[in-house]
Amino acid sequence: MDPILNYINGEYVKPSSNDYIDVIDPAIGEKYTVVANSNKNDIDKAVNAAKESFLEWSALSIKDRSNFLTQIANEIEKNLDEFAYLETKDTGKPISLSKKIDIPRAISNFRFFAEHAKTFHFESKIDDDNSSNVIARFPLGVVGCISPWNLPLYLFTWKIAPAIISGNTVVAKPSEISPLTANKLGEVLTEINFPRGVINIVHGDGNSAGSEIVRHPNIKAISFTGGTNTGTKIAQDSSSTLKKLSLEMGGKNPAIIFDDCNYSNMIETITKSSFSNQGQICLCSSRLLIQSSIYEKFKSDLIDSVSKLKIGDPNEVDTEFGAISSKGHYDKIISYIELAKKEGGNILTGGDSLNIPGRCNKGYFIAPTIIDSLDNSSIINQDEIFGPVVTLQSFDSEDEAINIANNIDYGLSATIWSDDIEKSNRVALNINAGVIWINCWLVRDLRTPFGGMKQSGLGREGGDYALDFFTEPKNICRSL
Ligand code: NAD
């Protein structure tokens with residue numbers, strides 16, 4: 001495969017340093033191409049292109065910008081199978097997931113913001129007896145979007161779509177581990193004659209390309225999704241240029257399972273919420289808190305349910321559980337499993353790498369792993385592992401469950417399982433997390449706020465929250 005180049009001002013261009021990073025297919029453990037590693041010169045070029053296109057793009061009507069977003073969505077949809085194939089090649093996720101979740105959601109991101117922006121308060125009015133105030137919201141200018149490898153196109157477009165519909169122009173960097181679908185997005189933009197310079201896609205690692213975006217004086221805001229350590233560094237590095245920040249970071253999400261829940265629905269969904277995308281979704285449940293009256297039954301039923309997952313070559317249509325997305329991440333997960341054993345954890349199932357015969361026999365596979373006998377204060381229960389590893393803890397009372405759930409630095413999401421509406425609402429209000437699901441998981445209305453509390457996030461994405469972030473209000477007051 002040809003080297004993956006930057007897409008700046010509507011053209012594919014080589015990185016100025018001619019420096020490239022290997023891109024590996026994690027399901028087979030082999031390099032298949034290289035991706036540009038951009039430096040300051042490349043980021044300068046991308047920012048200049050974005051700056052030059054800003055006046056014209058921001059002057060378009062919402063309707064015109066909306067039409068462009070719809071065209072992007074249509075063109076991705078036309079090429080859905082190829083996008084899905086590339087997403088799976090880059091990440092090792094099952095092709096069914098790429099086809100049913102990742103790429104359709106990228107399409108919806110553009111379609112959703114194309115429509116939602118038409119109802120947004122770009123201009124509003126507040127009057128009293130003395131004054132009339134017009135509040136007009138303006139785009140910020142050039143904004144930076146930085147995204148991770150776990151849901152590559154899904155999260156990349158979740159930032160780009162609200163940024164551009166609001167009139168901003170963008171310098172966007174996907175993860176260096178999963179650049180393929182972002183690269184293909186450039187082809188889509190060329191195909192539909194999308195205005196040059198509005199979306200510039202730059203590649204490279206965090207310390208060069210990412211950091212240059214964050215420090216750039218002409219970039220007005222950073223929308224970032226990734227790890228908490230990186231988000232913290234971004235907050236530090238952007239401070240001297242005073243940027244607006246939206247930081248979506250790590251999680252260690254509790255699932256609180258009461259004995260009065262719809263049991264079979266719960267087991268089925270908990271299996272998904274724990275192990276979808278090999279546990280590499282920031283919203284995955286990783287600490288399962290189970291009421292003691294059903295603890296033993298839950299334990300054996302979950303092990304049984306997980307044993308039925310079809311693990312294998314991500315390209316096979318019926319595979320439900322694929323490879324870990326990179327060797328570095330695979331090593332990190334294995335080292336956490338070893339640590340769990342040292343901390344006294346009892347490995348109930350999994351706990352090791354997996355050998356998949358055939359094409360994938362050198363791939364990075366780890367068995368779905370369930371551990372119990374660890375206290376909530378253990379490292380395994382406090383650190384984000386971001387892989388197919390969950391722990392079980394039992395609780396007796398509602399208060400105890402809430403305490404365990406909240407006793408952590410993260411606060412991204414939680415699920416609550418109970419048919420008692422009052423109790424589940426009470427627990428939801430007491431959990432310190434930005435996204436709570438009762439009797440479900442990953443159900444998303446894109447108008448609702450998305451983001452975390454504590455070390456999991458700063459700001460919210462979704463609907464008006466994203467459009468607020470990507471615009472700045474001006475109040476014009478007239479005396480009456
Ligand atoms: P990461 O933080 O290592 O990298 C994310 C992105 O930031 C990549 O594009 C990377 O190149 C870039 N980057 C790295 N260092 C940088 C720097 N100093 N300056 C600017 N950019 C830099 O995260 P990852 O390993 O790609 O993704 C996994 C993490 O993402 C997990 O912690 C997961 O919880 C989190 N995540 C959070 C959400 C959410 O919505 N809260 C969603 C998905 C993933």
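Start at 1 and go down the list; that is how both ligands and their atoms are numbered.
Listed by chain and number, the residues in a salt bridge (Lys or Arg N to Asp or Glu O under 4.0 Å) with Asp313 are Arg359 (sequence neighbours excluded). Every residue two or more places apart in sequence or in another chain was checked for a salt bridge (Lys or Arg N to Asp or Glu O under 4.0 Å) with Arg444, and none qualifies. Qualifying side chain to side chain contact (heavy atoms under 4.5 Å, CB included) partners for Asp409, counting only residues two or more places apart in sequence or in other chains: Gln455.
Between Leu153 and Glu87, the closest side-chain pair of non-hydrogen atoms falls below 4.5 Å. For the pair Met249 and Glu384, the minimum side-chain heavy-atom distance is 4.5 Å or more.
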Tabulation required: pairs of a nitrogen or oxygen in ligand 1 and a protein nitrogen or oxygen under 3.5 Å; columns are atom names and distance to 0.1 Å; otherwise 'none'.
from, atom 1, to, atom 2, distance (Å)
ligand 1, 2 (O), Gly227, N, 2.8
ligand 1, 2 (O), Thr230, OG1, 2.6
ligand 1, 9 (O), Ser147, O, 2.8
ligand 1, 9 (O), Lys173, NZ, 3.0
ligand 1, 11 (O), Lys173, NZ, 2.8
ligand 1, 11 (O), Glu176, OE1, 2.7
ligand 1, 11 (O), Gly206, N, 3.4
ligand 1, 23 (O), Gly227, N, 3.4
ligand 1, 25 (O), Trp149, NE1, 2.9
ligand 1, 26 (O), Trp149, NE1, 3.2
ligand 1, 30 (O), Gly226, O, 3.3
ligand 1, 32 (O), Glu384, OE1, 2.6
ligand 1, 34 (O), Glu384, OE2, 2.5
ligand 1, 41 (N), Met249, N, 3.3
ligand 1, 41 (N), Met249, O, 2.7

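A donor and an acceptor atom, one from each side chain of Ser274 and Ser285, are nowhere located under 3.5 Å apart.
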